[in-house]
Each structure stands twice: as structure tokens, then as C-alpha cells.
J.: 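Sharing a structure below in C-alpha cells format, with a few things to ask.
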Amino acid sequence: MHENVIKTKLQICLSIMAAVAVFAIVCVFFIGVHPIVLFDMDDWRYIAEYRRPFPIWGGWNPARVFPETVMPLAGYAAAYLVKPLVGDYVLAITVTSGVIMALAVVMYYLAFKKFVSSIWHVEPVTAVVVSLFFILAHFGLFRSQDANNVYMFFALDLTCYYFYLLPALLNASLVLYFMAVQDFPKRFYSWNNVQKGIAILGLYLAVFSNLFASAILVLFCMVKLGEVSFKKGKQHQFYVTIILIWFLALLFEANGGDAVNVGKNYSYLHLPVAEALAALGTLARQIDWSYVGLMVVSLVGAAWVYCKKDKREPVDENYRLQMLENSSSILLVFIFLTLLCAKATPAYAGRIQSMFGLFFFALLLTFNAGMYLLRQTSLAGKMLPLIFFMFLIIGTNSFSPFSESNFYNRSPYECMEVSRYFITQVQQAAQAGKHEMVLKVPKGATADNWPHQQVHMGEKVAHTMLAHGLLSHPMKITIAVDPSLNKQFYK
């Protein structure tokens with residue numbers, strides 16, 4: 001008995017240490033190694049732009065409640081809580097965003113660990129190792145080029161982390177939790193009001209987040225609805241409710257200003273699906289061959305073991321169910337995201353931030369096959385530490401550096417200096433008693449000077465600086481492009 005108590009305590013300590021390690025590593029990654037930085041006009045806009053916490057008919061992003069409420073909250077926390085500690089506003093945005101991303105990845109890690117433990121009934125140490133391997137795969141899956149590699153936690157700028165990655169991680173975590181608790185609707189109805197309230201909040205933020213992300217949860221719910229449609233009880237009611245609310249979000253988004261603007265060149269009957277598939281193919285070809293090999297070996301090996309067995313056991317039924325759910329989800333997500341990208345902009349299909357859901361379910365399919373092999377063959381268990389070590393080295397290969405999280409893949413520290421230069425210019429004008437000023441910005445790569453657009457950039461910088469206590473009075477800012485700044489800041 002005493003030995004069991006010690007063993008249990010050690011397992012708990014290991015689980016806590018692993019979660020803390022994931023948090024710390026992801027924090028360092030997004031704060032120091034590949035910082036998430038305040039840089040382009042969207043970043044300056046959404047870091048302080050308030051919206052109502054419910055869908056707004058006819059708004060620019062009518063149903064994106066989660067990203068457009070969490071991002072300004074993060075901005076205020078950075079300005080008034082973190083900035084006094086680090087002494088720099090731009091760095092405070094990076095630190096706050098890095099911590100939020102780390103918390104989201106830890107939530108995702110814990111959800112996957114719960115899923116592995118609940119469905120595959122492995123030892124806690126094995127669950128920790130497999131879950132760490134799962135997170136590691138998100139960094140190594142696309143690491144096949146000599147430079148500028150993307151990864152599954154990659155986004156194009158600060159705004160895209162809040163608009164795409166955080167919603168994707170929330171929705172994927174809910175899917176993993178639904179999978180871990182096989183009869184989740186029954187569990188939900190048995191909870192007290194506080195527990196139900198927390199669950200409803202999470203589901204609300206997930207559904208009203210981003211169509212690319214919410215599809216992860218809702219299309220999985222459609223798969224589950226197909227499973228329970230012939231069963232008695234309230235299970236179908238739970239999934240139908242989520243799906244219907246999502247269709248409401250879809251209706252709001254279809255009539256929003258952004259959707260009308262980006263999709264005006266493509267009718268529903270003439271969508272450029274081939275272009276979207278080509279963009280997705282370009283992304284898929286970046287997958288590292290070692291992961292392709294892992295997928296093939298896991299899927300083929302698991303199928304071979306399953307077909308060779310004469311007598312079925314509970315673990316075989318788990319495998320069959322997971323393969324069915326994952327494969328069905330991959331198909332539905334592939335179809336929906338491809339059509340969504342074709343309607344919006346086909347190039348979106350070549351961005352991992354848009355296609356996260358597809359590769360999430362592909363990884364899940366692979367890891368479920370691997371877990372089945374782990375349970376059925378002793379060789380898989382013996383090889384697990386070696387496989388983990390090999391992919392750890394692949395995932396941390398410094399000779400294949402990652403791309404930076406800004407549209408032009410510039411040094412994040414150069415981007416931070418540009419933003420600091422903007423702040424200095426505005427504050428100097430304010431200290432001189434001015435209420436109007438000309439803000440000099442580097443020359444961009446587009447006609448409207450993206451990422452520092454001439455039309456709206458001044459308004460957004462002024463609003464954010466005033467809201468975050470960097471200005472004492474309103475300022476009217478006019479943007480002036482100065483090509484000499486490119487030489488000054490971009491090496």
C-alpha cells in the first residue's frame with residue numbers, strides 16, 4: 001500500500017513537471033526564440049479595439065467573438081499589468097501574448113493526455129511521453145526545408161495568433177475532451193450549474209470564434225451525431241444544439257463586411273476549388289519525410305494487427321471507433337475548409353493557421369494507430385523511447401530554422417524596433433503640445449503600403465496608444481511613407 005502511494009505521488013509529480021515544462025518551453029519559444037510581435041496595422045487595430053461579446057449582424061467580423069474580445073483584453077493586461085514589470089510596451093505585448101499561447105498549448109496538451117489515458121488505458125508515464133511527442137510533432141511536421149519552415153503553432157502575425165491559432169487550440173481541446181469522455185452529453189447533463197456554465201462558456205467562445213477553427217469542433221459533432229442518432233436519450237439533442245448554433249454563426253459571418261469583401265469575386269457556383277487544392281498541396285509537400293514514414297508505419301501496422309486478430313477485445317473496438325471518427329472528421333474538415341478557402345481566398349489553403357484542423361485530425365489518426373500498436377505489440381513499447389528521441393532531434397534541428405511570425409518574415413526584433421519608433425514619434429509630438437502629426441513609416445510592399453497602410457494606420461496607432469496610456473490626449477495622425485526607414489531598420 002505504501003509503495004502504491006509513493007508511486008501515485010511520483011506519477012502526479014511527473015505529470016505536473018511535464019505540464020510546467022511545456023508551458024516554460026512554449027513561453028521561451030514565443031517570447032525569446034521566435035517572438036510574437038506588435039507590427040502591422042491589424043496588430044495595432046485589434047490589440048485595443050473593443051467589440052460587444054455577442055454576434056453583430058452586418059459587422060466586419062460579425063461572429064468572431066472569441067478573438068476580438070480576448071485580444072484587446074490581452075492588450076490591456078500588457079499595457080497596465082505587464083508593462084510596469086518589463087518597462088517596455090512593445091515587449092509587454094510579446095510577453096503577454098507568449099504566455100497566453102503557452103497556456104493554450106498546455107490546455108491542448110492536457111486534453112490530449114486525458115484522451116490518451118482515458119481511451120487507451122496506458123500507464124501515466126507512457127501517457128506523458130506520448131503527449132509530449134504529440135506536441136513535439138506540431139513543431140517538426142513541416143520542418144523539411146533549409147529555412148523558413150512553418151509549424152502547426154505558426155501564424156502570420158500577432159493578430160492571426162489570436163484570430164486563428166487560439167480558437168483552433170480551443171476547439172481542438174474540446175474535441176479531445178469529447179473523445180476522452182465517450183458519453184460526454186450524459187456527463188454534461190449530470191454536472192451542477194457551475195460546471196455547466198463553464199462548459200457553455202467554452203462552447204460559446206469556440207463556436208463564435210473563427211469558421212476555420214470552429215469547424216474542428218462542429219464537424220466532429222456531426223460525426224458524433226451520426227453515431228448516436230439511433231440511440232435513446234439526450235445525446236443527439238446536445239450535438240444538434242451545437243451544430244444549429246454554428247449554422248447561426250455561419251449565417252452571421254456570410255453577411256459580414258469582411259466576408260462580402262473577400263468573397264465578392266467568387267460566386268458559390270464558380271469557386272476556384274482547384275486553386276485552393278493547389279495551395280493545400282504546396283503546404284502538404286512541406287511535410288517532413290520522417291513524419292510521412294511514421295504515419296505510414298503506424299496506420300499500416302495497426303491495420304495489419306487489427307485484421308490478423310481472430311478474437312475482438314475492447315482495445316480493438318477503441319481502435320475501430322477512433323479510426324472511424326478520425327477518418328470521417330478528416331473528410332468533412334477537408335471538404336469544408338477547401339470550400340471555405342476557395343470562397344474567401346484560395347491562398348488561405350496554403351497557410352497552416354487556416355488548415356490547422358485538417359492536420360490536427362491527421363496527427364490524431366496517426367497517434368491513435370500508434371497507441372493501438374503500443375497496446376497490442378511489445379515491440380512498439382520498446383521502441384517508443386528511441387522514436388521519441390529521434391523525433392525530438394528532428395524537431396529541434398537548428399539547421400532548419402522556422403519562419404518568423406510576420407508577413408514578410410523579417411527579424412522580429414527589427415519589427416519591435418519599428419513599433420517603438422512609432423511610439424517615440426507620437427509621444428514626442430504629444431510632449432510638444434501637438435494634436436496633429438505626421439507619422440513616418442517604412443515603405444511597404446503593396447500599393448496601399450501594407451503592413452503599414454496609409455489610409456487607416458494613423459487612426460489605429462492613435463487609438464491604441466490613447467487606450468493603453470501611452471498618450472495623454474487624442475492625436476490625429478497622418479501616415480507618410482519614408483523609404484529611408486527601410487535601410488535604417490531592415491538589415
J.: Would you kindly say whether Ser97 and Tyr162 are connected by a side-chain donor-acceptor distance under 3.5 Å?
T.: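 The criterion, which ignores hydrogens and geometry beyond distance, is satisfied for Tyr162 and Ser97.
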J.: Could you pull out the closest heavy-atom pair between Asn148 and Gln145, with the gap in Å?
T.: O-NE2, 3.9 Å
J.: Hey, is the main chain of Gly58 close enough, under 3.5 Å, to the side chain of Asn255 for a donor-acceptor pair?
T.: no
J.: Answer whether the closest heavy-atom distance between the side chains of Arg351 and Tyr164 falls below 4.5 Å.
T.: no
J.: Side chains of Leu280 and Phe334, heavy atoms from C-beta outward: is any pair under 4.5 Å?
T.: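 Yes; the side chains approach each other to less than 4.5 Å.
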J.: Please find the pair of heavy atoms, one from Ala74 and one from Thr96, that lie closest to each other, and give the distance.
T.: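 Heavy-atom minimum between the residues: O-CG2, 3.6 Å.
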J.: With a cut-off of 6.0 Å (strictly less than), are more than 12 heavy atoms of other residues, nucleotides or ligands near NZ of Lys196?
T.: yes
J.: Using the ring of Phe402 (Phe, Tyr or Trp, six-membered ring only), decide whether Arg143 places NZ or CZ under 6.0 Å from its centre and within 45 degrees of its axis.
T.: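 Yes, Arg143 lies over the aromatic ring of Phe402.
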J.: Could you check Val65 against Thr69 for side-chain contact (heavy atoms from CB on, under 4.5 Å), going step by step and ending with a plain yes or no?
T.: CA-CA 6 Å; Val65 175; Thr69 53; 4.2 Å; yes
J.: Between Tyr80 (side chain only) and Gly469 (backbone N and O only), is there a donor and an acceptor less than 3.5 Å apart?
T.: yes
J.: Whether the side chain of Glu253 engages the backbone of Ala63 through a donor-acceptor N/O pair (distance < 3.5 Å, no angle test) should be reported.
T.: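 Indeed, once roles are kept as given, a pair shorter than 3.5 Å links the two residues.
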J.: Spell out, as yes or no, whether a donor-acceptor pair under 3.5 Å connects the side chain of Asn368 to the backbone of Leu365.
T.: no
J.: Would a distance-only check, ignoring hydrogens and angles, find a side-chain to backbone donor-acceptor pair under 3.5 Å from Asn149 to Pro401?
T.: yes
J.: Atom OG of Ser328 and atom NZ of Lys224: how far apart are they, to the nearest 0.5 Å?
T.: 11.0 Å
J.: So do Ile56 and Phe252 actually touch side chain to side chain, heavy atoms under 4.5 Å?
T.: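 When only atoms from C-beta onward are counted, Ile56 and Phe252 do not touch, as no gap falls below 4.5 Å.
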J.: Take the angle between the ring planes of Tyr108 and Phe134 and call it parallel below 30°, perpendicular above 60°, tilted in between.
T.: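 Rings of Tyr108 and Phe134: tilted, 30 to 60°.
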J.: When rounded to the nearest 0.5 angstrom, what is the spacing between OG1 in Thr126 and CZ in Phe133?
T.: 13.5 Å
J.: Indicate the atoms forming the closest heavy-atom contact of Thr159 with Met71, along with that distance.
T.: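 Closest heavy-atom pair between Thr159 and Met71: OG1-CE, 3.6 Å.
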J.: Determine the interplanar angle of the Tyr151 and Phe29 rings, folded into 0 to 90°, and report it as parallel if under 30°, tilted if 30 to 60°, perpendicular if over 60°.
T.: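 Perpendicular, since the angle between the ring planes exceeds 60°.
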J.: Taking the side chain as everything from C-beta on, heavy atoms only, tell me whether Leu364 gets closer than 4.5 Å to Phe115.
T.: yes
J.: Look up atom OG1 in Thr464 and atom CG in Leu471, then write down how far apart they are to the nearest 0.5 Å.
T.: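 That separation rounds to 10.5 Å.
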J.: For the residue pair Phe238 and Tyr189, does the interplanar ring angle fall in the parallel (under 30°), tilted (30 to 60°) or perpendicular (over 60°) class?
T.: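 Rings of Phe238 and Tyr189: perpendicular, as their planes differ by over 60°.
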J.: Under the criterion ring-ring contact (aromatic ring centres under 6.0 Å, His included), which of Phe154, Trp289, Phe359 is the partner of Phe142?
T.: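 That would be Phe359; it is the only one of Phe154, Trp289, Phe359 passing the ring-ring contact (aromatic ring centres under 6.0 Å, His included) with Phe142.
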J.: Counting only N and O atoms by type, is there a donor-acceptor contact under 3.5 Å from the side chain of Asn449 to the main-chain atoms of Pro442?
T.: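 Indeed, once roles are kept as given, a pair shorter than 3.5 Å links the two residues.
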J.: What orientation do Tyr177 and Trp191 show, parallel under 30°, tilted 30 to 60°, or perpendicular over 60°?
T.: tilted
J.: With distance as the sole test, does Thr94 use its side chain to make a donor-acceptor pair with the main-chain N or O of Ile36 at under 3.5 Å?
T.: yes
J.: With heavy-atom distances below 4.5 Å as the criterion, would you say the side chains of Phe23 and Leu103 are in contact?
T.: yes
J.: Would you indicate whether the side-chain heavy atoms of Trp450 and Tyr408 approach each other to under 4.5 Å?
T.: yes
J.: Shortest non-hydrogen contact from His463 to Ala48?
T.: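 Reported closest heavy-atom pair: NE2-O, 3.3 Å.
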J.: Tell me, do Leu358 and Ile330 make a side-chain contact under 4.5 Å, heavy atoms counted?
T.: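 Yes, close enough: below the 4.5 Å cut-off.
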J.: Tell me yes or no: between the side chains of Ser214 and Asn171, is some donor less than 3.5 Å from an acceptor?
T.: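 Judged by distance alone, the side chains do not pair up.
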J.: Would you check if the side chain of Ser411 reaches a backbone N or O of Tyr413 as a donor-acceptor pair within less than 3.5 Å?
T.: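 Side chain of Ser411 to backbone of Tyr413, a donor-acceptor pair under 3.5 Å: yes, one is there.
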J.: Show the nearest heavy-atom pair for residues Val130 and Phe367, with the distance to one decimal.
T.: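 Distance-wise, the nearest heavy atoms are O-CE2, 3.9 Å.
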J.: Kindly state whether the ring of Phe139 and the ring of Phe153 have centres lying under 6.0 angstrom apart.
T.: yes
J.: Dump the intermediate steps for side-chain contact (heavy atoms from CB on, under 4.5 Å) on Leu14 and Val125, then the final yes or no.
T.: CA-CA 8 Å; Leu14 175 64; Val125 174; 3.6 Å; yes
J.: Less than 6.0 angstrom from the centroid, inside 45 degrees of the normal: does Arg64 satisfy that with respect to the ring of Phe163?
T.: no
J.: Can you tell me how far CD1 of Ile479 sits from CD of Gln454, rounded to the nearest 0.5 angstrom?
T.: 8.0 Å
J.: Can you tell me how far apart CG (Leu38) and OH (Tyr89) are? Round to the nearest 0.5 Å.
T.: 5.5 Å
J.: If I compare all heavy atoms of Gly98 with all of Ile31, which pair ends up nearest, and what's the gap?
T.: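 Scanning both residues completely, I find the closest heavy atoms to be CA-CG1, 3.9 Å.
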J.: Please lay out, stage by stage, how Phe39 and His452 fare under the test side-chain contact (heavy atoms from CB on, under 4.5 Å).
T.: CA-CA 8 Å; Phe39 182 55; His452 304 122; 3.5 Å; yes
J.: Determine, stepwise, if the pair Val105 / His138 fulfils side-chain contact (heavy atoms from CB on, under 4.5 Å).
T.: CA-CA 11 Å; Val105 172; His138 288 65; over 6 Å; no
J.: Would you check if the side chain of Ser354 reaches a backbone N or O of Ala349 as a donor-acceptor pair within less than 3.5 Å?
T.: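 Not confirmed, Ser354 side chain does not pair with Ala349 backbone.
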J.: Hey, could you give me the CG/CG distance between Leu174 and Leu217, rounded to the nearest 0.5 Å?
T.: 5.5 Å
J.: When you measure from the side chain of Glu325 to the backbone N and O of Val223, does any donor-acceptor pair fall under 3.5 Å?
T.: no
J.: Would you indicate whether Asn193, at its atom CG, is surrounded by more than 12 heavy atoms from other residues, nucleotides or ligands within a distance under 6.0 Å?
T.: no
J.: Considering only heavy atoms from C-beta outward, does the side chain of Trp44 approach that of Ser419 to under 4.5 Å?
T.: yes
